Amino acid sequence: MKRSAKERIGLSGKDGPPKALVENLGEFVDREVLLEGWLYNSRSSGKIAFLLLRDGSGTVQCVTAKADVGEEIFAVARQATQESSIRITGMVKKDDRAPGGYEIMVSNVEIVQIAEEYPITPKSHGTSFLMDHRHLWLRSARPHAILRIRSTVIHGLRDFFADRGFTNIDAPIFTPAACEGTSTLFETDYFDSKAYLTQSGQLYMEAAALAFGRVYSFGPTFRAEKSKTRRHLTEFWMLEPEMAWADLDDAMALAESMIVAVIDRVLDTHMQDLETLERDLSKLERIQKPFPRITYDEALAILEKKGKTIEWGEDFGGEDETVLAEEFDRPVFIHRWPKEAKAFYMDPDPEDKRLVLGVDMLAPEGYGEIIGGGQRTASLEYLDSQIEAHGLPAEAFEWYRDLRKYGSVPHAGFGIGLERFVGWICGTHHVREAIPFPRTMNRLYP
RNA sequence: UCCUCGGUAGCUCAGCUGGUAGAGCAAGCGGCUGUUAACCGCUGGGUCGUAGGUUCGAGUCCUACCCGGGGAGCCA
């Protein structure tokens with residue numbers, strides 16, 4: 001067993017010490033291990049060198065004393081430049097002076113490749129420069145922490161829906177026409193015709209919900225809007241659950257449980273990463289059910305009280321959203337919107353025909369709209385009237401109309417923007433930090 | 001598309017009412033046995049975004065354009 005494990009991990013000498021990861025050093029105290037990684041930073045004096053090794057799971061300081069390793073190995077240690085790939089053998093020691101609690105007393109240093117002058121130095125850089133080097137920036141502590149949290153958020157979301165009987169049914173990325181008609185679409189050649197990159201999988205999820213009951217899709221979506229703000233990407237990931245036999249209240253209850261479950265999971269498993277990000281934990285810990293639910297009209301009244309007058313029927317701007325969110329210490333649902341402000345498929349409010357049963361969820365701290373959704377109309381007659389009122393091409397929606405012809409039921413769902421959600425959890429300044437390789441109006445590289 | 005701020009060394013920036021280019025970090029060399037963005041000394045490093053213009057003289061003033069940050073609209 002031991003031998004096969006050693007062979008599986010490969011490069012360590014057949015008879016050498018076991019290979020360890022920085023995050024597992026606690027299991028190897030007072031034992032010799034092999035660590036494989038990259039030199040994150042180093043400090044040295046004439047007789048002692050401190051090599052900060054990064055291996056993807058964490059960083060650990062490796063103490064190399066000339067008196068212990070001899071002239072030759074000490075010279076090798078001092079030769080390694082920032083981000084050189086190295087193998088270090090040494091004894092794991094518990095040490096309260098070390099940030100992670102452990103450090104390595106080095107017995108051997110092997111350089112795999114000496115890195116050229118690394119562009120990202122330990123000192124400060126501008127975002128533009130860092131984004132030009134995003135492929136390298138991923139190695140730094142901050143992006144590393146954010147993207148590890150992103151990974152956990154994705155797993156948390158998938159587990160949340162799987163636990164509740166949702167089937168994952170992904171929507172296509174090439175689409176024949178606009179899902180919502182309004183936003184700008186990326187157009188691409190599709191053999192002898194045109195196709196568009198999806199801006200939402202929702203209509204397909206409605207079809208899937210009538211087949212599977214409870215479904216969700218999760219994938220990239222594309223918006224060709226010329227938006228240059230900290231909340232916008234041209235390519236972002238959206239998770240869209242849809243439930244048959246459900247209404248607006250069901251959608252809000254689901255969204256609320258989802259947010260709390262995922263934040264709890266991040267708080268349980270990523271304290272160190274949140275610390276790296278200097279995130280104010282109290283702001284996340286107070287995210288508990290229930291979230292306040294206010295109507296569009298009530299939101300208007302709050303804005304009015306704050307001296308911001310908005311004409312009835314208008315959508316809110318970014319600053320309005322921040323002002324509204326500041327009224328609450330947790331996310332807030334705003335529901336029952338003027339028909340004109342929302343998409344054509346929204347179900348009208350039976351108690352006020354000017355309104356539709358749509359909902360937005362605003363995150364605290366100015367992170368804005370994270371969720372948009374609502375109850376979809378089940379009526380073919382009403383749907384047709386709205387397709388016409390919004391000036392949409394009826395022929396593109398024939399299949400969608402079918403959903404109202406063959407066993408139409410009340411159904412509801414929402415979409416959550418992954419990067420805005422992750423950005424909020426991590427407290428990032430801009431959503432582009434919440435995706436590995438951001439695509440914005442001005443960035444298609446690297 | 002509009003508003004606004006910016007573009008000077010590899011990076012982050014300073015450069016006053018126009019007078020001939022500067023710091024820290026990084027790189028190279030040397031020193032230091034407990035450093036935490038280590039520290040100390042020395043060295044090299046510039047088409048001041050581009051093109052015009054004003055001037056004896058432009059990084060600095062004017063015009064146009066290019067690129068980027070932030071915001072508006074639109075959205076998750």
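To find a chain, count down the sequence lines: A is the first, B the second, and so on, and within it residues start at 1. Model, not experiment: these values are computed from the prediction. In what follows, every heavy atom counts, from backbone to side chain, and hydrogens, waters and symmetry copies are set aside.
At whole-Å resolution of the value, CH2 in A:W137 and C1' in B:G10 are 18 Å apart. Going from atom CZ of A:F74 over to atom C1' of B:G31 covers 12 Å, rounded to whole Å. Rounded to whole angstrom, the span from the CH2 atom of A:W237 across to the P atom of B:C75 amounts to 24 Å. The distance between atom CZ of A:R439 and atom C1' of B:C75, rounded to the nearest whole Å, is 20 Å. Atom-to-atom, CG of A:L185 to C1' of B:C74 comes out at 13 Å; the value is rounded to the nearest Å. Atom P of nucleotide B:U12 and atom CD1 of A:I120 are separated by 11 Å, given to the nearest angstrom. When rounded to the nearest whole Å, the span between CD of A:E240 and C1' of B:C75 equals 13 Å. Rounded to whole Å, the distance from CD1 on A:I370 to P on B:C75 is 17 Å.
A:E319 has a carboxylate O that lies under 4.0 Å from a charged side-chain N of A:K308, or vice versa, which qualifies the two as a salt bridge.
Remark: A:D55 pairs with no residue by the salt bridge (Lys or Arg N to Asp or Glu O under 4.0 Å) rule, at least two apart or across chains.
Ring centroids of A:Y296 and A:F316 are separated by less than 6.0 Å, placing the two rings close together. Ring-centre distance between A:Y345 and A:F397: not below the 6.0 Å cut-off. Taking the six-membered ring where the residue is Trp, the centroids of A:F421 and A:W237 are separated by 6.0 Å or more.
Within the shown strands, nothing qualifies as a pairing partner of B:G57 under the Watson-Crick or G-U definition with both distances less than 3.5 Å. In this structure, B:U43 and B:A27 make a Watson-Crick or G-U wobble pair, each of the two defining distances being under 3.5 angstrom. When both pairing distances are held under 3.5 Å, B:A72 makes a Watson-Crick or G-U pair with B:U1. A 3.5 Å limit on both hydrogen-bonding distances identifies no Watson-Crick or G-U partner for B:A21. Using Watson-Crick or G-U wobble geometry with both donor-acceptor distances under 3.5 Å, B:A37 finds no partner in any strand shown. As the counterpart of B:U63, B:A51 is assigned, both hydrogen-bonding distances of the Watson-Crick or G-U wobble pattern falling under 3.5 Å.
Evaluation of atom-type donor-acceptor distances gives a pair under 3.5 Å for the side chain of A:E103 against the base of B:G34.
For the side-chain contact (heavy atoms from CB on, under 4.5 Å) test with A:I334, the passing option among A:V359, A:L362, A:L300 is A:L362; the others fail. The side chain to side chain donor-acceptor pair (under 3.5 Å) test with A:R150 is passed by exactly one of A:E419, A:E433, A:H155: A:E419.
Listed candidates were B:U12, B:A76, B:U33. Nearest to the side chain of A:M238 is B:A76.
Nucleotides B:A37 and B:C11 are separated by 14 Å at their C1' atoms, to the nearest Å. Rounded to whole Å, the separation between the C1' atoms of B:C32 and B:G68 comes to 43 Å. Rounded to a whole angstrom, the distance from the P atom of B:A14 to that of B:U1 is 30 Å. Comparing the C1' positions of B:G70 and B:A64 gives a spacing of 24 Å, expressed to the nearest Å. With both ends at atom P, the span from B:U8 to B:C3 equals 24 Å, rounded to whole Å. Taking the P atoms as reference points, B:G44 lies 26 Å from B:U50, given to the whole Å. Comparing the same atom, C1', in B:G41 and in B:U60 gives a spacing of 35 Å after rounding to whole Å. Distance check on atom C1': B:C40 versus B:G24 gives 15 Å, rounded to whole Å.
Nucleic acid contact class of A:E235 (heavy atoms, under 4.0 Å, all strands): none. Note on A:D315: only backbone sugar-phosphate atoms sit closer than 4.0 angstrom, heavy atoms only; bases stay farther off. Across all strands, A:G126 comes closer than 4.0 Å only to sugar-phosphate atoms, never to a base (heavy-atom distances). Counting non-hydrogen atoms under 4.0 angstrom, A:I416 reaches nothing in the nucleic acid.
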Any chance you could list the contact pattern along nucleotides 64-73 of chain B? Use B for base contacts, S for sugar-phosphate-only contacts and - for none, protein heavy atoms under 4.0 Å, 5' to 3'.
----SSBBBB
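Nucleotides of RNA chain B nearest to A:F236 and A:R78 differ in position, and the one nearer the 5' end is that of A:R78. The nearest heavy atom of RNA chain B to A:F129 and to A:E369 marks one nucleotide each, and the one closer to the 5' end goes with A:F129.
Relative orientation of the A:F129 and A:H125 rings is parallel, given thresholds of 30° and 60° on the angle between their planes.
Although no hydrogens or angles enter the test, the distance criterion places a donor-acceptor pair under 3.5 Å between the side chain of A:R330 and the main chain of A:Q288. Distance alone, capped at 3.5 Å, places no donor-acceptor pair between the A:E206 side chain and the A:L203 backbone.
Residue A:A299 comes nearest to A:L324 through the heavy atom pair O-CD2, 3.7 Å, listed as atom of the first residue, atom of the second, then distance.
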Shorter than 3.5 Å, N or O on both sides, protein versus nucleotides 36-44 of chain B: list them out with atom names.
| residue | atom | partner | partner atom | Å |
| --- | --- | --- | --- | --- |
| B:A37 | N3 | A:P122 | O | 2.3 |
| B:A38 | OP1 | A:N41 | ND2 | 2.9 |
| B:A38 | OP2 | A:N41 | ND2 | 2.4 |
| B:A38 | OP2 | A:R43 | NH1 | 2.4 |
| B:A38 | N6 | A:S44 | O | 3.1 |

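Annotation: cation-pi pair A:R164/A:F160 present, NZ/CZ under 6.0 Å from the ring centroid and within 45° of its normal.
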